[in-house]
Trainee: 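Once you've had a glance at the structure underneath, I'll fire off some questions.
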Amino acid sequence: MSSIGTGYDLDVSEYSPEGKLFQVEYAHKAVESSGTAVGICCRDGVVLAVENIVTSKLYETNCNRRVFHIDRHIGMAASGLLPDARAVARHAREEAADYRQSHGEPMPLSELASRVSNLMHAYTMYSAVRPFGCGVLLAAFENGRPQLYGVEPSGVYYSYHGYAIGKAKQNARTEIEKLKLAELSAANGVKEAAKIIYSCHDEVKDKYFELDLSLTSAETAGRHVIVTGEQWTEASNYAKAALEEHDSDDDV
Amino acid sequence: MLADWTQQEVLTGTTIMAVEYNGGVVIGADSRTSSGTYVTNRTQDKLTPLTEYIYCCRSGSAADTQAIADHVRYYLDFSRISQGREPTVRYAAHVMQSILYNNRDNLSAAVIVAGWDEVNGGQVYCIPLGGLLVRQPMAAGGSGSTYIWGHLDAQFKPGMTDTECQEFVAKSVSLAIKRDGSSGGVCRLAVINRSGVQRRIIMHEDLPKSYDG
């Protein structure tokens with residue numbers, strides 16, 4: 001046995017005597033060591049934000065986005081292994097397109113979350129595959145109601161008012177809890193989400209990161225859009241300003 | 001030598017219609033089923049339930065439309081169980097349309113799907129012979145409809161009340177029953193809204209009166 005493990009982690013579907021599936025737990029670890037992804041349900045929309053850690057200055061900006069379009073009305077943010085997240089996104093897109101074809105209307109997010117969760121769970125059960133090393137947040141603004149789902153590598157999924165996955169998930173969740181989500185507008189939600197990502201970013205461990213933002217709201221007529229340009233700059237500046245203010249408070 | 005009606009397909013030579021009002025839909029139909037000139041059934045129910053909130057009005061081959069309605073009902077029942085909520089009217093219309101379109105060379109069926117759902121309220125979808133699907137605030141079909149289009153166009157108002165709408169449908173179907181040889185019998189009505197379906201029959205002698213000349 002090459003590893004120092006107890007030997008219960010050689011097969012995805014093998015239980016340890018404690019009832020744990022080690023491969024699935026390792027997959028969770030892959031998510032926990034990745035940039036934080038945040039999802040917030042606001043009064044009139046849903047915001048997704050990701051701390052997209054950049055490992056080299058040689059990358060072009062925005063070449064490895066961690067927010068994805070799944071359908072016109074559904075967005076996805078991912079934390080964990082990027083190629084795995086892309087595979088999940090591809091699958092989710094196919095599901096959403098199939099649903100449109102067979103139902104003649106956009107896929108409800110609850111349905112998509114269930115399908116994505118089925119896929120991720122299936123990958124914890126067979127020896128020929130490994131669990132997905134990513135967690136995803138799915139967002140939509142359906143019939144005037146903001147919806148957010150989080151799916152984990154084990155296949156567990158819940159519907160949330162606000163959620164965070166990845167490195168600084170604990171901090172981020174605490175920050176989300178402080179927001180008054182029922183009153184927050186999506187436009188301000190974008191800024192708050194950006195602020196949370198900036199405040200959770202660890203400058204010592206990860207020097208550079210890109211802020212990936214996306215939004216689906218009443219203003220975007222229920223369509224999922226990647227936040228760019230002026231709105232992005234505004235959110236990013238707001239986050240930086242809030243952070244500096246916070247730091248100067250510390251000095252006193 | 002057999003009588004000619006034994007050789008002819010059983011058709012719902014029909015008048016059917018559906019109208020959206022402010023809160024739901026009203027659907028109506030005559031009750032005649034004929035085979036050539038022979039009236040096979042004078043009390044046919046052409047308003048067929050697909051779910052508790054969605055109905056279809058059938059015209060064309062009685063056999064085809066019954067079989068298709070059964071099929072669509074199966075799909076919608078399945079959808080209710082798997083999604084845990086009532087299917088939307090749009091989905092019902094879409095399932096109906098796919099069946100009609102995919103089998104358009106072998107079917108003789110034109111239907112109106114109408115009902116109510118939580119998302120979009122009362123809706124009327126018209127699916128004529130080839131399998132086209134269009135949402136309309138008002139739709140009419142069957143041989144009888146050709147005699148009343150002028151009346152429908154003149155009298156239809158968007159956003160009618162429940163009672164106004166029932167009167168409009170009853171009057172229109174009655175006019176068609178009078179002029180169309182293949183429509184007749186009683187006028188069946190159904191009102192579909194948030195609280196479900198309410199059905200009515202207007203017996204032949206009680207049909208709204210009009211010029212008898």
Side-chain angles (χ1 to χ4, degrees), chain A residues 41 43-46 70-74 91-122 138-151 155-160 216-218 220-224, chain B residues 20 23 50-51 53-54 56 68-69 71-104 111-128 130-136 139 194:
Chain A
C41 278
R43 170 163 52 85
D44 59 349
V46 195
I70 300 303
D71 199 335
R72 280 161 66 111
H73 66 300
I74 299 178
H91 182 86
R93 282 169 184 158
E94 275 169 23
E95 291 283 2
D98 281 356
Y99 190 98
R100 253 181 205 278
Q101 181 74 13
S102 63
H103 286 70
E105 52 192 5
M107 192 175 203
L109 194 64
S110 54
E111 245 351 71
L112 182 74
S114 152
R115 299 294 179 90
V116 169
S117 134
N118 275 170
L119 173 84
M120 291 175 75
H121 175 246
L138 294 162
F141 186 61
E142 283 175 3
N143 310 126
R145 271 193 338 204
Q147 304 257 37
L148 175 69
Y149 282 82
V151 193
V156 150
Y157 78 106
Y158 293 105
S159 172
Y160 296 97
T216 165
S217 70
T220 68
R223 292 182 66 156
H224 177 249
Chain B
E20 296 178 7
L50 298 175
T51 73
Y53 295 91
I54 306 168
C56 70
I68 296 163
H71 219 76
V72 173
R73 192 158 43 237
Y74 165 79
Y75 270 93
L76 299 182
D77 286 348
F78 185 86
S79 162
R80 179 186 305 103
I81 294 165
S82 74
Q83 295 201 21
R85 63 177 171 90
E86 283 296 322
T88 60
V89 186
R90 183 162 171 179
Y91 175 51
H94 183 87
V95 173
M96 183 71 84
Q97 188 243 14
S98 345
I99 296 171
L100 290 175
Y101 178 74
N102 290 326
N103 302 287
R104 61 191 180 285
V111 299
I112 299 171
V113 175
W116 180 91
D117 66 49
E118 201 77 56
V119 186
N120 291 311
Q123 296 149 75
V124 170
Y125 293 91
C126 183
I127 311 172
L132 170 80
L133 172 64
V134 259
R135 183 178 176 187
Q136 289 173 329
R194 178 178 288 280

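Here is how names work: the chains are called A, B, and so on, in the same order as the sequence lines, proteins then strands, and each is numbered from 1. Just so you know, these numbers use all the heavy atoms, side chains as well, and skip hydrogens, waters and symmetry mates.
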Trainee: Looking at Ala92(A) and Val116(A), what are the two nearest heavy atoms and their distance?
Mentor: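 Heavy atoms of Ala92(A) and Val116(A) come nearest at CB-CG2, 3.9 Å.
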Trainee: If I compare all heavy atoms of Cys41(A) with all of Leu148(A), which pair ends up nearest, and what's the gap?
Mentor: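 Closest approach of Cys41(A) to Leu148(A): SG-CB, 3.5 Å.
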Trainee: Tell me which donor-acceptor pairs, judged by distance alone and kept under 3.5 Å, run between chain B and chain A, one pair per line.
Mentor:
{"unit_1": "Gln83(B)", "atom_1": "NE2", "unit_2": "Tyr99(A)", "atom_2": "OH", "d": "2.8"}
{"unit_1": "Thr88(B)", "atom_1": "OG1", "unit_2": "Glu105(A)", "atom_2": "OE1", "d": "3.1"}
{"unit_1": "Thr88(B)", "atom_1": "OG1", "unit_2": "Glu105(A)", "atom_2": "OE2", "d": "2.6"}
{"unit_1": "Arg90(B)", "atom_1": "NE", "unit_2": "Gly104(A)", "atom_2": "O", "d": "2.9"}
{"unit_1": "Arg90(B)", "atom_1": "NH2", "unit_2": "Gly104(A)", "atom_2": "O", "d": "2.8"}
{"unit_1": "His94(B)", "atom_1": "NE2", "unit_2": "Gln101(A)", "atom_2": "O", "d": "3.0"}

Trainee: Determine yes or no for a side-chain-to-main-chain donor-acceptor pair under 3.5 angstrom, with Glu20(B) supplying the side chain and Val124(B) the backbone.
Mentor: yes
Trainee: If I compare all heavy atoms of Val46(A) with all of Ala140(A), which pair ends up nearest, and what's the gap?
Mentor: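 The answer is CG2-O, 3.3 Å.
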Trainee: Restricting to non-hydrogen atoms, name the atom on Pro146(A) and the atom on Gly144(A) that form the minimum distance, rounded to 0.1 Å.
Mentor: CD-O, 3.9 Å
Trainee: For the CD1 atom of Ile74(A) and the CG atom of Leu112(A), what is their distance to the nearest 0.5 Å?
Mentor: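 Reported to 0.5 Å precision, the distance equals 4.5 Å.
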